[in-house]
Amino acid sequence: MSTLSLDAYHDGTSRARAPPSSRRMMVERLEVTVQMPRPTEDDVARLRAAVPDDPRVEVRPMFGNLGAFVGGHMFAGLFGSQLGVKLPEEELAELRAAGGGDFGPPERPMGGWVTVPDGADTARLVARAAEHAATLPPKQARKKR
């Protein structure tokens, strides 16, 4: 029985490598495609209206959608028409009980995130998410290659 070793690289990629042997081994490559839905102009306006007017907040495009950041941490964003927020775990449970669901692609929802349910006070939830993100240590800017 042969085993494969996995080479991991600093950029987050990895490659399977067969051990030295006289036999050739085939490695199947698994690719997952995620459909990136686009928000409507109304969705973008809803997020922008909910984001607090704070000089620390930056709203910028992400994969054809929109995200709001504090200190490099995304705290609110759009995935198509879904508006999601990142909150402390205990607040996520409350929001899920009120009708919030997973945020992001159904194949791979984002951990620590929940969609804002219909009828919720969106501006209050987004402001709370910004407060939570502001408590996290700022992310260091990545060096450009």
Anything under 3.5 Å between a donor and an acceptor, one on a side chain of residues 57-64, the other on a protein residue two or more places apart or in another chain? List them.
{"unit_1": "Glu58", "atom_1": "OE1", "unit_2": "Arg60", "atom_2": "NH1", "d": "3.0"}

Please list, one pair per line, the donor and acceptor atoms closer than 3.5 Å that link side chains of residues 69-85 to other protein atoms, with sequence neighbours excluded.
{"unit_1": "His73", "atom_1": "NE2", "unit_2": "Pro137", "atom_2": "O", "d": "2.7"}
{"unit_1": "Gln82", "atom_1": "OE1", "unit_2": "Gly104", "atom_2": "N", "d": "3.2"}

List the atom pairs, with distances to 0.1 Å, where a side-chain N or O of residues 119-129 and a protein N or O form a donor-acceptor pair under 3.5 Å, not counting sequence neighbours.
{"unit_1": "Asp121", "atom_1": "OD1", "unit_2": "Arg124", "atom_2": "N", "d": "3.2"}
{"unit_1": "Arg128", "atom_1": "NE", "unit_2": "Glu91", "atom_2": "OE1", "d": "3.1"}
{"unit_1": "Arg128", "atom_1": "NE", "unit_2": "Glu91", "atom_2": "OE2", "d": "3.1"}
{"unit_1": "Arg128", "atom_1": "NH2", "unit_2": "Glu91", "atom_2": "OE2", "d": "2.8"}

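For the residue pair Ala98 and Pro117, the shortest heavy atom distance occurs at O-CB, 3.7 Å.
Applying the salt bridge (Lys or Arg N to Asp or Glu O under 4.0 Å) test to every pair with at least one member in residues 93-102, sequence neighbours left out, gives these pairs: Arg96-Asp102. For residues 40-57, every residue pair satisfying the side-chain hydrogen bond (donor to acceptor under 3.5 Å, both in side chains) rule, not counting sequence neighbours, is listed here: Thr40-Asp43, Asp54-Arg56. A ring pair (Phe, Tyr, Trp, His ring centres under 6.0 Å) check over residues 112-145, counting only residues at least two apart or in different chains, returns the pairs Phe103-Trp113.
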